[in-house]
Student: 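Let me give you the structure first, and then I'll get to my questions.
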Amino acid sequence: MTELRTLKVALLGCGNVGAQVARILIEDADTLAARAGAKLQLSGIAVRNVHAKRDVDLPQDLFTTDADTLVKDADLVIELMGGIEPARTLILSALRNGACVVTGNKALVAQDGPTLHEEADKAGVQLSYEAAVAGAIPILRPIRDSLAGDRITRVLGIVNGTTNFILDQMDTTGAQFADALAEAQRLGYAEADPTADVEGHDAAAKAAILASLSFHTRFALENVHCEGITSVTAADIAAAKDAGFVIKLLAIAEKLPAAGTDADGGEGVSVRVHPTLLPREHPLAAVHGAFNAVFIEAENAGELMFYGQGAGGTPTASAVLGDLVSAARSLVLGGPGRTETTTGQVSALPIDAAVTSYYIGLDVADQPGVLARIAQLFAEHGVSIEIMRQTIHRDAESNVESAELRIVTHRASEAALAATVQAVKGLDVINSVTSVLRVEGV
């Protein structure tokens, strides 16, 4: 029997995910060697504090604060430090030294993906980041490999478990946003500072990655329109439920006509993150708790959905090790590393070019002709109304009646819908616009 070669693996970071990666590398060494075609020797773990308490019991002699030396001597580098620096510098050093790199750093890939891929291409090594999007769910490799012979037209994703947990709590228990967030923090689903999650920044980085792979064009974080969930109220959730919808924070990337970008109109891609109403029969509406799911529409494959745990040490470690075995195989077999293809070169479209439906909540005067005036204004802006519901209520103190109007539009351009809402606000019969949310799946 031929003796397997040994590949040195450097691990950068030993947090929740990193500790589980190290544990599995040690405990499942024989299994991983059989699958990779080489022994994967964990040569060291770079951390800030070698004496910090960790949930996993690991050999103390593996820990070091000298990440630079560890990287220079490695065949494979796993980066799980997070943040931009020093992760970026260490990854570039690893690639230039001929090491394959596996990372879960969505912010770095979204910001500097083109630079990292360029260095990987020059060195002929593999850069992989399955763990950067949707945790344990295998989604990036299916997009890159399994659907390489197809044309993806649209991607809808619940890619942030914290916000999905919060919105699900608000939907199922009637909780206010602040209470649902507090529960998410108590259970460990949300950080003490949840800004990156609730403002949509985490999902936006993942949206840029999904769009880049799906449409073979490199999209940066700045190409993603981003809105968080902090303005979503219990009243919005209740109104959506009453109308047969559920609210989810979606990452959306879709190919659209891009009139004006080319001589013949051409195509472009809209990439956006925002709270979205989905019909309760839509597959993504059934994704509860902190789980993630990605829904793909392709010309030949049709509709596909990938569902699973979007975070957590062990689930995310599964994605990291899948990439690691693949990268090790590329070193054993030789040849260039597998990376993204960027042959598409479609334009990134502004949010105004997106095509969607709107849910609009209005508090209006209860008097004859109001509905007709509103409907006429919508028609003047080229926006068709699909559903209109009215509820009358009386103020207990003033005894004045007003009406709550809920409107769901047909699909139209974002620009037309935004202009319609702005015009509605100017009507003298409108007391207030209580909510404006986008709708998908209708």
Side-chain angles (χ1 to χ4, degrees), residues 5-26 29 32-33 35-48 50 58-59 61-109 111-113 115-132 140-141 209 316-340:
R5 65 184 285 194
T6 297
L7 298 176
K8 292 184 178 181
V9 180
L11 175 60
L12 309 180
C14 195
N16 193 23
V17 178
Q20 294 300 331
V21 168
R23 176 188 64 80
I24 297 169
L25 275 170
I26 293 169
L32 293 171
R35 295 173 183 174
K39 295 178 182 178
L40 303 180
Q41 178 190 348
L42 182 57
S43 57
I45 307 171
V47 293
R48 284 193 294 265
V50 298
L58 299 168
D61 60 0
L62 285 174
F63 292 97
T64 179
T65 57
D66 188 356
D68 293 320
T69 300
L70 187 64
V71 163
K72 289 175 183 176
D73 192 40
D75 302 297
L76 298 150
V77 173
I78 303 172
E79 183 277 308
L80 297 172
M81 306 169 72
I84 304 302
E85 289 292 355
R88 181 181 184 276
T89 298
L90 289 168
I91 288 176
L92 289 174
S93 174
L95 295 172
R96 289 165 183 164
N97 288 333
C100 290
V101 172
V102 175
T103 178
N105 195 331
K106 64 258 181 186
L108 179 58
V109 174
Q111 176 176 304
D112 283 331
T115 301
L116 301 181
H117 278 290
E118 183 180 348
E119 291 299 330
D121 291 343
K122 286 180 182 177
V125 295
Q126 191 160 311
L127 170 67
S128 306
Y129 39 87
E130 184 68 65
L140 300 188
R141 272 174 284 171
I209 295 170
T316 307
S318 172
V320 171
L321 289 160
D323 276 347
L324 186 69
V325 169
S326 174
R329 291 290 294 171
S330 76
L331 292 178
V332 171
L333 298 175
R338 301 178 71 187
T339 183
E340 63 173 4

Student: Does Pro59 reach the side chain of Leu42, with side-chain heavy atoms less than 4.5 Å apart?
Tutor: no
Student: Which pair of non-hydrogen atoms, one from Ala46 and one from Leu70, has the smallest distance, and what is that distance?
Tutor: N-CD2, 3.7 Å
Student: For Asn105 and Ala132, indicate whether the former's side chain and the latter's backbone hold a donor-acceptor pair under 3.5 Å.
Tutor: no
Student: Mind checking side chain to side chain donor-acceptor pair (under 3.5 Å) for Asp323 and listing every partner two or more places apart, or none if nothing turns up?
Tutor: Arg141
Student: Evaluate the side-chain proximity of Leu321 to Leu25: yes if any heavy-atom separation is below 4.5 Å, no if none is.
Tutor: yes
Student: Apply the test side-chain contact (heavy atoms from CB on, under 4.5 Å) to residues Asn97 and Leu95: give CA-CA distance (whole Å), side-chain angles for both, the deciding distance (0.1 Å), then the verdict.
Tutor: CA-CA 5 Å; Asn97 288 333; Leu95 295 172; over 6 Å; no
Student: Does any donor atom in the side chain of Ser128 or Gln126 lie under 3.5 Å from an acceptor atom in the other side chain?
Tutor: yes
Student: Locate the shortest heavy-atom distance separating Gln20 from Ala317; write the atom from each residue and the value.
Tutor: CB-CB, 3.9 Å
Student: What pair of heavy atoms forms the shortest contact from Val332 to Ala38, and how long is it?
Tutor: CG2-CB, 3.6 Å
Student: In a table with atom names and distances, give each donor-acceptor pair under 3.5 Å that connects a side chain of residues 5-17 to protein atoms at least two apart or in another chain.
Tutor:
residue, atom, partner, partner atom, Å
Arg5, NH1, Leu331, O, 3.3
Lys8, NZ, Asp73, OD2, 3.0

Student: What are the two closest non-hydrogen atoms of Ile24 and Leu32, and how far apart are they?
Tutor: O-CD1, 3.9 Å
Student: Does the side chain of Leu58 reach to within under 4.5 Å of the side chain of Phe63, using non-hydrogen atoms?
Tutor: yes
Student: From Asp121 CG over to Leu127 CG, what is the distance, rounded to the nearest 0.5 angstrom?
Tutor: 9.0 Å
Student: Distance check, rounded to the nearest 0.5 Å: Met81 atom CE versus Arg48 atom CZ?
Tutor: 7.0 Å
Student: Is there a side-chain contact between Leu76 and Leu40 (heavy atoms, below 4.5 Å)?
Tutor: yes
Student: What salt bridge (Lys or Arg N to Asp or Glu O under 4.0 Å) pairs are there with at least one residue in residues 85-96, not counting sequence neighbours?
Tutor: Arg88-Asp112, Arg96-Glu119
Student: How would you list, by chain and number, every residue that makes a side chain to side chain donor-acceptor pair (under 3.5 Å) with Asp61, sequence neighbours excluded?
Tutor: none
Student: Would you say the side chain of Ile91 lies within less than 4.5 Å of the side chain of Val77, judging by non-hydrogen atoms?
Tutor: no
Student: Report yes if some heavy atom in the side chain of Ile45 is under 4.5 Å from a heavy atom in the side chain of Thr64; otherwise report no.
Tutor: no
Student: Hey, does Tyr129 have a side-chain heavy atom less than 4.5 Å from the side chain of Leu140?
Tutor: yes
Student: Taking atom OG of Ser93 and atom CG of Asp68, what is their separation to the nearest 0.5 Å?
Tutor: 6.5 Å
Student: Work out which heavy atom in Ala99 is nearest to a heavy atom in Val125; give both atom names and the distance.
Tutor: O-CG2, 3.5 Å
Student: So do the side chains of Val320 and Glu130 get within less than 4.5 Å of each other, counting heavy atoms only?
Tutor: no
Student: I'd like to check the side chain to side chain donor-acceptor pair (under 3.5 Å) partners of Thr115; sequence neighbours left out, ordered by chain and number.
Tutor: none
Student: Run the side chain to side chain donor-acceptor pair (under 3.5 Å) test against Thr103 and tell me which residues pass, sequence neighbours left out.
Tutor: Glu79
